[in-house]
Amino acid sequence: MTTVTHPQMITVRRYALAAHTAIGAFLLVNVVAIQLMFQIAGPPAHNLFGSIGRLLGLYLAFAVMLQLLLIARLPVLDRAFGMDRLTGWHRWAGFTVFWLAILHPSFVIVGFSVQDRASVFRTALTLSKQLPVLLGLIAVSLIVLVVALSVRIARRRLSYETWHAVHLLLYAVVILGLIHQLYEGTAFTINLWTQVYWWSLWAFALGALLTGRLIVPLVRNARHRLRVAAVVPESADVVSVHVTGRDLDRLRARAGQFFLWRFPGHNRWWQVNPFSLSAAPNGRSLRLTAKGIGATSAGLRELPIGSRVFAEGPYGAFTLARRTRTATLLIAGGIGVTPIRSLLEDPDLGGDVVVLYRVRNSADAVLLGELRNLSRVRGARLHVITGKTGPGNQPFRPENLQSLVPDITDRDVYVCGPAALTGAVLTSLRRLRVPSRQVHFEAFRLAG
């Protein structure tokens, strides 16, 4: 067993540890500050229900701020955790916001209902006649709508483009929430210091969002001026798009990463798709390969040569910088082969390499010729696994996986493919006791 001690990889681990510590400290300090602010403000005039409602309102606002930081796509956070993990945290934070958004007005309404000795319905109706309260209730309704459409059963019925457009409603939630706080907030208005603290926190969150989602992408695209250089059909429903531009080496993109792609004139400005690089970036061009699933990906083969490209990124921690061993196992399923093919081409990939490519049949094996050529040059072993998964064909069961790769516990394992394949592989790796630090996977949570 050989451990990788490349200086860059050591730096990545130290950076991730420092980022974990900083985030933990940030959360602890602000939770304590909010609790102190609430205590200093004292109890409300009515009762316990109102007091709980007010405290939940403070934590709701803080949870929304955290959401803004998680979706800001800040390079500093992506470098430490990867966009896939950040998106997973964003999902769970979203459910936290949902429950706080339900409980905060519920406790406040019940509090006033008890105080006024009126029915809950009548109290809610009376409060909603006040504009700041009405705006807050509209914000809650929008949160409920977005969360409802993000539940897996509903999400499967929506295209990625529609799902992404619905999420833009959250910007309206932030605006409505800020107006609501300006008129209804009391705990953070007790003195000058609490006001400075609270609005500085909001300024930090909104500033991070504007920086990561607007300023950085605009600056990068103005600098690099990306254009479509070639469109190459790989199969009946898969196409590769080659993109060129200026000073692409300054992007510092790595094999295994992805960009959020927009093609002005081909789709609407709010429609964006995450596509991985299917070739290791060389400083002169970028290549994405996509399967025609949604409206955008299905029409990529119609892109005119020379058309403009707007890209955000690079994002993702699915890179060789995370390796801990010299030997590597790359596992791809279907169109998930794109970042795996990119990793196989990465000049930093050394040591013994095994590639497992799972497809239904050989006709579905996109980029197979390139994988074979790269494997031959690298001296890697390539196994193409075909056939429908069933009782007699389960290649990723622990015993079958270990049969294909006997020294699997001494390798870093990179996995990318459909959710079912990724889940099966991760389960087997746990049963085979492959250390979690050696397991790297791309779940494309950003794509829903």
Side-chain angles (χ1 to χ4, degrees), residues 1-6 9-10 12-13 84 255-256 280 317-362 364-443:
M1 179 175 66
T2 308
T3 302
V4 173
T5 56
H6 193 284
M9 298 168 191
I10 295 174
V12 167
R13 294 172 206 157
D84 205 54
F318 193 69
T319 70
L320 295 181
R322 301 277 170 170
R323 274 194 309 164
T324 62
R325 298 288 183 270
T326 54
T328 309
L329 170 61
L330 305 176
I331 302 177
I335 198 62
V337 71
T338 53
I340 295 297
R341 185 260 180 238
S342 178
L343 289 172
L344 187 59
E345 190 182 18
D346 194 324
D348 290 338
L349 182 64
D352 187 69
V353 180
V354 175
V355 183
L356 305 182
Y357 187 12
R358 180 74 170 100
V359 288
R360 185 179 292 268
N361 54 62
S362 56
D364 291 336
V366 182
L367 306 178
L368 180 57
E370 296 182 15
L371 284 176
R372 284 173 173 161
N373 291 336
L374 288 170
S375 296
R376 184 167 53 253
V377 171
R378 292 268 183 204
R381 287 169 283 161
L382 171 64
H383 300 275
V384 180
I385 306 169
T386 60
K388 185 176 181 180
T389 300
N393 186 22
Q394 299 185 46
F396 297 123
R397 287 182 61 85
E399 61 273 17
N400 295 333
L401 200 53
Q402 191 163 42
S403 176
L404 284 169
V405 191
D407 60 344
I408 190 171
T409 57
D410 292 336
R411 295 175 178 269
D412 272 280
V413 184
Y414 288 80
V415 186
C416 187
L421 178 146
T422 302
V425 172
L426 295 180
T427 298
S428 292
L429 293 177
R430 285 192 293 269
R431 292 179 180 175
L432 292 171
R433 297 185 179 180
V434 178
S436 59
R437 65 179 177 276
Q438 295 171 216
V439 179
H440 320 277
F441 64 96
E442 186 66 82

Next on the checklist: To the closest 0.5 Å, what do you measure between CZ (R437) and CZ (R322)?
Outcome noted: 14.5 Å
Checklist entry - Quick one: does E442's side chain have a donor or acceptor within less than 3.5 Å of a partner on F318's backbone? => result no
Checklist entry - Given side chains that start at C-beta, do those of V415 and H440 come closer than 4.5 Å, heavy atoms only? => result no
Next on the checklist: Rounded to the nearest 0.5 Å, what separates atom CG in L344 from atom CG in L367?
Outcome noted: 11.5 Å
Checklist entry - Any side-chain heavy atom of R411 sitting closer than 4.5 Å to one from V405? => result yes
Checklist entry - Looking at OG of S375 and CD of E370, how far apart are the two atoms once the value is rounded to the nearest 0.5 Å? => result 11.5 Å
Item to check | Shortest non-hydrogen contact from P339 toward G336 | outcome: CD-O, 3.3 Å
Checklist entry - Run the side-chain contact (heavy atoms from CB on, under 4.5 Å) check on L429 and L401 step by step: do they pass? => result CA-CA 9 Å; L429 293 177; L401 200 53; 4.1 Å; yes
Next on the checklist: Do Q402 and L432 have side chains that approach each other closer than 4.5 Å (heavy atoms only, starting at C-beta)?
Outcome noted: yes
Checklist outcome for this item: Value for CG (N373) from CZ (R378), rounded to nearest 0.5 Å, stands at 13.0 Å
Item to check | Backbone N/O of F396 and side chain of S428: donor-acceptor pair under 3.5 Å | outcome: yes
Checklist entry - Quick check: does any side chain N or O of R397 sit under 3.5 Å from a backbone N or O of A424, one acting as donor and the other as acceptor? => result no
Item to check | D352 side chain reached by R381 side chain, heavy atoms, under 4.5 Å | outcome: yes
Checklist entry - Short question: side chain of T389, backbone of Q394 - any donor-acceptor pair under 3.5 Å? => result no
Item to check | Side chains of R358 and L421 in contact at under 4.5 Å (non-hydrogen atoms) | outcome: yes
Checklist entry - Any side-chain heavy atom of L343 sitting closer than 4.5 Å to one from L349? => result no
Checklist entry - Considering only heavy atoms from C-beta outward, does the side chain of H383 approach that of V355 to under 4.5 Å? => result no
Checklist entry - Do the side chains of F441 and Y414 get nearer than 4.5 Å, heavy atoms only? => result no
Checklist entry - Has the side chain of S403 got a donor or acceptor atom that lies under 3.5 Å from a matching backbone atom of E399? => result no
Next on the checklist: For a quick test of reading the model, state the closest non-hydrogen atom pair linking C416 to I340 and the distance between them.
Outcome noted: CB-CG1, 4.3 Å
Checklist entry - Between the side chain of D412 and the main-chain N/O of T328, is any donor-acceptor distance below 3.5 Å? => result no
Item to check | Interatomic spacing from CG in L368 to CG in L382 - rounded to 0.5 Å | outcome: 6.5 Å
Checklist entry - Is there a donor-acceptor pair under 3.5 Å between the side chain of Q438 and the backbone N or O of T409? => result yes
Checklist entry - Looking only at heavy atoms, what is the nearest atom pair of D410 and A327, with distance? => result O-CB, 4.1 Å
Checklist outcome for this item: With I385 as partner, the option from L404, V359, I331, N400 fulfilling side-chain contact (heavy atoms from CB on, under 4.5 Å) is L404
